[in-house]
Amino acid sequence: MDNKRISEIVEEEMMKQDANRYRDMRKTHTIPKSIADIIDGYCKHNFTADRLIMMAYRDYQEFNDWIIKDWVKNDNIARAYLAGKALGVDLVKVVEG
């Protein structure tokens, strides 16, 4: 195999990897605005993520229903939303509905 053929294979593989990264970047996690508002209401109290989620779960039926719908996924989305707020970046997109 000559060097030109090797470089073509490497370039093709890099293009595939870039395409896969781009596809993965398009997958966005979302949180309903009403749930984000509930979380934001607790943020001023400086609770840990665990305590904040537990209190919202206990105090708001809407939050409870949202978490129960898909416990692992939605719990992680709530944590990512909180992490993004702490870092000052949008890790989770807030959507209506």
Side-chain angles (χ1 to χ4, degrees):
M1 202 178 276
D2 64 350
N3 285 342
K4 184 177 180 189
R5 180 69 181 131
I6 292 171
S7 65
E8 288 173 357
I9 292 171
V10 168
E11 185 177 346
E12 184 179 312
E13 189 59 35
M14 289 174 65
M15 288 174 59
K16 286 180 189 175
Q17 289 176 5
D18 288 344
N20 288 339
R21 265 191 236 110
Y22 177 72
R23 186 187 68 239
D24 291 344
M25 285 175 21
R26 291 185 306 168
K27 296 178 184 174
T28 324
H29 294 293
T30 61
I31 189 169
K33 183 172 180 351
S34 58
I35 300 299
D37 290 343
I38 291 169
I39 292 172
D40 292 343
Y42 284 103
C43 284
K44 62 185 171 202
H45 298 291
N46 220 11
F47 294 135
T48 64
D50 287 337
R51 182 170 171 107
L52 187 149
I53 290 169
M54 178 191 68
M55 292 179 73
Y57 178 81
R58 181 192 69 196
D59 294 344
Y60 289 90
Q61 186 64 45
E62 181 180 5
F63 188 87
N64 182 309
D65 294 343
W66 179 74
I67 285 284
I68 292 292
K69 188 173 10 175
D70 189 343
W71 180 265
V72 173
K73 176 184 169 220
N74 289 343
D75 183 63
N76 287 333
I77 288 173
R79 290 172 190 282
Y81 177 76
L82 286 166
K85 288 186 72 61
L87 295 170
V89 296
D90 292 331
L91 297 176
V92 177
K93 182 178 180 180
V94 178
V95 296
E96 292 297 324

Quiz prompt | Set of side chain to side chain donor-acceptor pair (under 3.5 Å) partners for Arg51, sequence neighbours left out | solution =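 Counting only residues at least two positions away or on another chain, Arg51 forms no side chain to side chain donor-acceptor pair (under 3.5 Å).
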Exercise. Kindly check if the number of other-residue, nucleotide or ligand heavy atoms within 6.0 Å of CG (Asp40) is above 12?
Key: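 Count over threshold, so yes.
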Practice problem: Take atom CD of Glu11 as the centre, draw a 6.0 Å sphere, and report whether it contains more than 12 heavy atoms from other residues, nucleotides or ligands. | Solution: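 Counting other residues, nucleotides and ligands, CD of Glu11 stays at 12 neighbours or fewer.
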Quiz item: When rounded to the nearest 0.5 angstrom, what is the spacing between CD1 in Ile67 and CD in Glu62?
Solution: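 Answer rounded to 0.5 Å: 11.5 Å.
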Self-check item: Point-to-point distance, once rounded to the nearest 0.5 Å, from CD1 of Ile38 to NZ of Lys33
Solution: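 If we round to the nearest 0.5 Å, Ile38:CD1 and Lys33:NZ are 11.0 Å apart.
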Quiz item: Hey, any chance Leu82 and Val95 share a hydrophobic cluster, counting ILVMFWY side chains that come within less than 4.5 Å of each other, even indirectly?
Solution: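 They do not share one cluster, since no chain of ILVMFWY contacts under 4.5 Å joins Leu82 to Val95.
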Tell me, do [X] and [Y] make a side-chain contact under 4.5 Å, heavy atoms counted?
{"X": "Tyr60", "Y": "Ile35", "value": "no"}
{"X": "Asn64", "Y": "Arg58", "value": "no"}
{"X": "Ile68", "Y": "Tyr57", "value": "yes"}
{"X": "Leu91", "Y": "His29", "value": "no"}
{"X": "Tyr42", "Y": "Ile53", "value": "no"}
{"X": "Asn74", "Y": "Ile77", "value": "yes"}
{"X": "Leu52", "Y": "His45", "value": "no"}

Quiz item: How far apart are the closest heavy atoms of Trp66 and Pro32, and which atoms are they?
Solution: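 In this case the closest contact between Trp66 and Pro32 is NE1-CD, 3.6 Å.
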Quiz item: Do NZ/NE/NH1/NH2 and the carboxylate oxygens of Lys69 and Asp65 come within less than 4.0 Å?
Solution: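 Salt bridge flag = no for Asp65 with Lys69.
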